[in-house]
Amino acid sequence: MTEAKLQFIVDEIERLQQENLFINIRTIESPADGWMVVDGKRVLNFCTNNYLGLANHPRLREAAKKAIDRWGVGPAAVRTIAGTTSLHVELERRLAAFKGVEDALYVQSGFNANQAAIPPLVGKGDVIFSDRLNHASIIDGCRLSGAKIVVYEHCDAEDAEAKIREHLPNYRRGLLVTDGVFSMDGDIAPLDRLYEVAEKYGVLTMVDDAHGEGVLGRGGRGIVDHFDLHGKFDVEIGTLSKAFGVVGGVIAGKKLIVDYIRQKARPFLFSSATTPADTAACLAAVDLLEESEDRVNRLWENARYLRQGMQELGFDTGHSQTPILPIMLGDAGLAKRFSRLLFENGVFAMSIGFPTVPRGQARIRVMNTAAHSKEDLDFGLEVFAKVGRELGVIGK
Ligand SMILES: *Cc1c(COP(=O)(O)O)cnc(C)c1O
């Protein structure tokens, strides 16, 4: 018998199950390479954000082990008290140089980076202009700030301008914030146009480049590099948990702003530093990215090959312009069945439904990486074809 006060939880879980929105969490039993052991079964991995195959790279592993031997395991303090080691300082210097910005701040996660960066910049009496499909961590950062949130249509700079003209005069200051690469569709924000609009009205600008770092731009220098907008965006948010293969977030940009965020950001002030092992592994990842563009090039070759293959099979791949490849299915139940059949046939690719994507736009999200060979991709395409036919998504 459930206690009466907990009945709402039972009801809500039942609702999620009925709507095919209940998430079954799989257990991983190997590193996040091209193939993985998942729930005891070896499967082709199309699920992780390990774009460049760095999550299990020997140089990163070695760097992490060495850091443990020298520094121990835990940070033992928040950054502002006794948690800033020379490793953190070095990583921030190297990240700023890599991205071509004045300064960078390394925080615990990309999610945290948005909570850290937005509230110091805008608050009550200010207004945020936010893309309709922005990532949950941006949305939560905006809510936390207490500023008025005005949503503009997805990737629509004209609508952003209309919203700024309408609302900005009623507020003290404005912030325009957008994902760089949208994580569920793989399309790219029109950063050049958004910058022009924001600049025209004196609005602060912020881009979350979580899926662009290590992917877009020269050698993976990110979306600002891709659009050649160096020094123009006020704040660039990033993550070390995707292409960089480790964990952590970064707030990069003008020194004045990053220094200010160091004084004000609550996740930075009130939550412990990242570990020495993580920080050192991130440094090794920056080394690898600076040494060679080969991995980034391989990622894009693989992405193009896989997208073309899926399209030739007759799948709807949405509006993707990047290695994020959505296979649009619509119905959440169908997407779940599709994912389950893929898994039974040796391919690990998760279905994504509401609230991660809008209702009725469920999909399989396919993530290839530089760690996949052409044979791997061919195997993946074969299994997608088989399952797609079986479920009547594509013709025979
Ligand atoms: C993944 C993602 C994050 C979260 O990054 P973590 O380092 O995993 O916390 C933040 N913003 C965007 C746009 C993302 O895609």
Side-chain angles (χ1 to χ4, degrees), residues 25 28 32 47-52 54-55 60 91-92 95 99 104-119 128 130-145 151 154-155 175-189 191 194 205-217 220 222-224 226 233 235-253 261 265-268 271-275 278-279 281-282 285-286 320-326 350 352 355-357 363 365-367 369:
I25 302 173
I28 312 301
C47 272
T48 54
N49 300 315
N50 184 23
Y51 286 107
L52 302 177
L54 298 185
L60 273 70
L91 177 61
E92 289 172 349
L95 283 172
K99 292 181 72 71
L105 177 62
Y106 176 49
V107 296
Q108 302 92 339
S109 74
F111 197 100
N112 245 353
N114 280 313
Q115 319 292 298
I118 298 172
I128 297 171
S130 174
D131 186 289
R132 182 171 292 290
L133 295 187
N134 272 348
H135 189 263
S137 62
I138 300 177
I139 296 170
D140 285 9
C142 292
R143 286 178 180 158
L144 198 57
S145 75
V151 170
H154 178 53
C155 285
L175 167 72
L176 183 143
V177 59
T178 182
D179 263 38
V181 175
F182 287 83
S183 54
M184 294 301 139
D185 293 274
D187 52 342
I188 300 175
L191 218 59
L194 290 169
T205 47
M206 180 165 173
V207 58
D208 182 340
D209 199 21
H211 284 277
E213 254 157 3
V215 177
L216 287 178
I223 192 168
V224 168
H226 174 81
F233 259 71
V235 183
E236 292 174 45
I237 298 297
T239 175
L240 285 297
S241 336
K242 289 172 179 154
F244 283 74
V246 193
V247 74
V250 59
I251 303 164
I261 288 172
R266 293 168 73 85
F268 184 70
S271 180
S272 294
T274 47
T275 69
D278 290 326
T279 312
C282 288
V286 179
S320 173
Q321 299 165 271
T322 63
I324 296 172
L325 188 62
M350 287 292 269
I352 311 255
T356 309
V357 295
R363 64 199 67 182
R365 178 166 169 264
V366 180
M367 303 291 284
T369 71

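The residues of the chain are indexed from 1 along the displayed sequence. Just follow the structure's listing: the first ligand is 1, and inside any ligand the first atom is 1. Heavy atoms only: backbone and side chains are in, while hydrogens, waters and symmetry mates are out.
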Non-hydrogen atoms closer than 4.0 Å to ligand 1: which protein residues do they belong to? List them by chain and number, please.
->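 These residues qualify: Ser109, Gly110, Phe111, His135, Ser137, Asp179, Ser183, Asp208, Ala210, His211, Thr239, Ser241, Lys242, Gly248.
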Of the options His154, His135, His211, which is the one that meets Phe182 in a ring-ring contact (aromatic ring centres under 6.0 Å, His included)?
-> His154
Go through the steps for Thr274 and Asp278 under the test side chain to side chain donor-acceptor pair (under 3.5 Å), then give the verdict.
-> CA-CA 7 Å; Thr274 47; Asp278 290 326; over 6 Å; no
Run through Val151, Leu175, Ile128 and flag the one making a side chain to side chain contact (heavy atoms under 4.5 Å, CB included) with Cys142.
-> Ile128
For the side chain to side chain contact (heavy atoms under 4.5 Å, CB included) test, which of Val177, Asp131, Thr178 pairs with Leu194?
-> Thr178
Listed by chain and number, what are the salt bridge (Lys or Arg N to Asp or Glu O under 4.0 Å) partners of Lys242, not counting sequence neighbours?
-> none
Atom of Pro326, atom of Ser320 and distance for their closest heavy-atom approach |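 Nearest pair, atom of Pro326 first, then Ser320: CD-CB, 3.7 Å.
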